[in-house]
Amino acid sequence: MKRSFFLTLGGIGLATWFVSRLVRGEYSFAGKTVVITGGSRGLGLTIARLIAREGGRLALLARNEDELAQACEELRGLGGEAIAVSCDLLDRNQSLGAIECVLDRFGRIEVLINNAGIIEIGPLEHLRRQDFEKSMALHFWAPFNLIQGIVPHMRRAGGGRIVNIASIGGKVAIPHMAAYSASKFALVGLSDSFRAELARDGIKVTTVTPGVMRTGSHLNAKFKGNHGAEFTWFSLSATLPLSAVDADRAAARIVDACRLGQASLIIGWPARMMIAGNALFPSLTGEVMKAINRILPAPTGVEGDQLKSGHELREDSRLPKWIGRLGESAVARNNET
């Protein structure tokens, strides 16, 4: 009885794998218009590279025109068509204008990847209402605005794909990342609820919850409290091989999940363990997070209310040199300078 159960389970798994491979082979990004927010650097740029190699038509949305120009030049060299759309995603009118710009150039949008984000690190004592409002504006309202603007075009075309890149922080609340976690929880809820209702229109929505990734983004993160100590612990978690997922591997998995129209994707074994642990043992996970918070840097005086970027703090880093070099290589590779 037990043997037949495992044989059946194995057969189902093998059939699922085979069907997924067939589907993956059928869907190509060649000639498809793909909008990527935050596509000029970090994970967004890494994803864009993979799609460019397939001959995709890329529209990168970000604020920094120089970073956008540099990224588009690289992507064109890889075989893709790429345009830079400079806009502030915190402004709904600019977001809607960006959609019109892409449609004017390419005529349609088949794929939307909501990747743009900000990371603010620091104890709750130093966070203010505006920190939460900004995180919500970028991680929740900006994807909402773009989805609402693009879905009618996807419906008329008979379908499309939307990928919302959240975070482990959108499944398990992380100490010293309160504003980030709250907004990413909101994005996960948005993504999962839209998935169910858009499926009937042939629009596949994928919710991605990665753990920490080695993209070099620790330099563009913002810090409050004991700035140097906060920068050190976050840089360690975002750089060490055992805690951080390689950006290229994460991007490849996200592109494959989009290709398959996969409902959900968790990246990295630490993220999988934390999500499973929180689902099965929420009270225990809560106690673990309390213990972690006790060993994180304590709040400071009023100077801790100042927001500083990783770029400002890198010269005072307490990281060992070999770890610093690992992070710096990711910074250079992913346009995080």
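All of these numbers come straight from a predicted model, not from anything done at the bench. In what follows, every heavy atom counts, from backbone to side chain, and hydrogens, waters and symmetry copies are set aside.
Separating the CD1 atom in Ile99 from the CD1 atom in Ile150 is a distance of 4.5 Å, to the nearest 0.5 Å. Here the straight-line distance linking atom CZ of Arg41 with atom CG of Asn115 works out to 10.5 Å at 0.5 Å rounding. Between atom CG of residue Asn226 and atom CG of residue Leu296 there is a gap of 11.0 Å, rounded to the nearest 0.5 Å. In this structure, CG on Asn114 lies 5.5 Å from CG on Leu146, to the nearest 0.5 angstrom. Between Met273 atom CE and Ile168 atom CD1 the span is 11.0 Å, to the nearest 0.5 Å. The line from CD of Gln148 to OG of Ser95 is 12.5 Å long, rounded to the nearest 0.5 Å.
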Inset, instruction - Determine, stepwise, if the pair Arg128 / Lys224 fulfils side-chain contact (heavy atoms from CB on, under 4.5 Å). - result: CA-CA 11 Å; Arg128 300 293 178 263; Lys224 284 189 170 186; 4.3 Å; yes

Inset, instruction - Go through the steps to decide whether Phe234 and Ile119 satisfy the test side-chain contact (heavy atoms from CB on, under 4.5 Å), and finish with yes or no. - result: CA-CA 10 Å; Phe234 182 74; Ile119 302 174; 4.0 Å; yes

Legend entry - Intermediate values then yes/no, side-chain contact (heavy atoms from CB on, under 4.5 Å), Arg259 and Glu54: CA-CA 12 Å; Arg259 192 191 309 277; Glu54 288 192 31; 2.6 Å; yes

Legend entry - Asn64 vs Ser40, side-chain contact (heavy atoms from CB on, under 4.5 Å): CA-CA, chis, key distance, verdict: CA-CA 8 Å; Asn64 190 302; Ser40 62; 5.5 Å; no

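The two atoms that bring Leu43 and Ala250 nearest to each other are CD1-CB, 4.4 Å, heavy atoms only. Between Ile121 and Trp233, the shortest heavy-atom distance links the atoms CG2-CZ2, 3.6 Å. Cys72 and Ala84 get closest at one heavy-atom pair: SG-N, 3.6 Å. Considering every non-hydrogen atom in both Asn164 and Ser191, the closest pair reads ND2-OG, 2.9 Å. What you find for Ser237 and Val212 is that their closest heavy atoms are O-CG1, 3.3 Å. Nearest heavy atoms, Met274 versus Val172: O-CG2, 3.7 Å.
Take Glu81 and apply the side chain to side chain donor-acceptor pair (under 3.5 Å) test, not counting sequence neighbours, and it matches Arg105. Considering only residues two or more places apart in sequence or on other chains, Arg156 meets the side chain to side chain donor-acceptor pair (under 3.5 Å) condition with His153. Listed by chain and number, the residues in a side chain to side chain donor-acceptor pair (under 3.5 Å) with Asp201 are Arg155 (sequence neighbours excluded). Take Ser309 and apply the side chain to side chain donor-acceptor pair (under 3.5 Å) test, not counting sequence neighbours, and it matches Glu312.
No chain of hydrophobic side-chain contacts below 4.5 Å, direct or via other Ile, Leu, Val, Met, Phe, Trp or Tyr residues, connects Val245 to Trp269. A single hydrophobic cluster is seen to contain both Val102 and Met154, as judged by linkage of ILVMFWY side chains at heavy-atom distances under 4.5 Å, directly or through other members. Using a 4.5 Å cut-off between side-chain heavy atoms of Ile, Leu, Val, Met, Phe, Trp and Tyr, with links allowed through other members, Phe106 and Leu78 fall into different hydrophobic clusters. When the side chains of ILVMFWY residues are joined at heavy-atom separations under 4.5 Å, either directly or via intervening members, Ile162 and Tyr27 end up in two distinct hydrophobic clusters. In this structure, Leu75 is a member of the same hydrophobic cluster as Phe29, with clusters built from ILVMFWY side-chain heavy atoms closer than 4.5 Å.
Ionic pairing of Glu110 and Arg57 is not present here: no N-O contact between side-chain nitrogen and carboxylate oxygen is shorter than 4.0 angstrom. Salt bridge status for Arg253 with Asp256: absent, with no side-chain N to carboxylate O gap under 4.0 Å.
Residues Ile267 and Ile254 meet the side-chain proximity criterion, which asks for heavy atoms closer than 4.5 Å. Using a 4.5 Å cut-off on side-chain heavy atoms (C-beta onward), Asn220 and His311 make contact. Within the 4.5 Å cutoff, the side chain of Asp131 has no heavy atoms near those of the Lys222 side chain. The closest side-chain heavy-atom distance from Ile47 to Ile165 is below 4.5 Å.
Taking the six-membered ring where the residue is Trp, Phe144 and Trp141 present perpendicular rings, their angle passing 60° and hence far from 30°.
Hydrophobic cluster of Leu127: the remaining members, joined at side-chain heavy-atom separations below 4.5 Å, are Leu124, Phe132, listed by chain and number.
A 6.0 Å sphere centred on NZ of Lys204 holds no more than 12 heavy atoms belonging to other residues, nucleotides or ligands. Other residues, nucleotides and ligands contribute at most 12 non-hydrogen atoms within 6.0 Å of the CD atom of Glu73. Within a 6.0 Å sphere centred on CD of Glu65, other residues, nucleotides and ligands contribute 12 heavy atoms or fewer. The neighbour count for Gln130 CD, taken as heavy atoms of other residues, nucleotides or ligands under 6.0 Å away, is above 12.
Applying the side-chain hydrogen bond (donor to acceptor under 3.5 Å, both in side chains) test to residues at least two apart or on different chains, the pairs with a partner in residues 170-183 are His139-Ser183, Ser167-Tyr180, His176-Glu230, His176-Asn293.
Considering Thr37, Ile118, Asp88, Leu187 as possible partners of Leu138, the one that fulfils the side-chain contact (heavy atoms from CB on, under 4.5 Å) test is Ile118.
Listed for the Thr206 side chain is no donor-acceptor partner under 3.5 Å among the backbone atoms of Val163.
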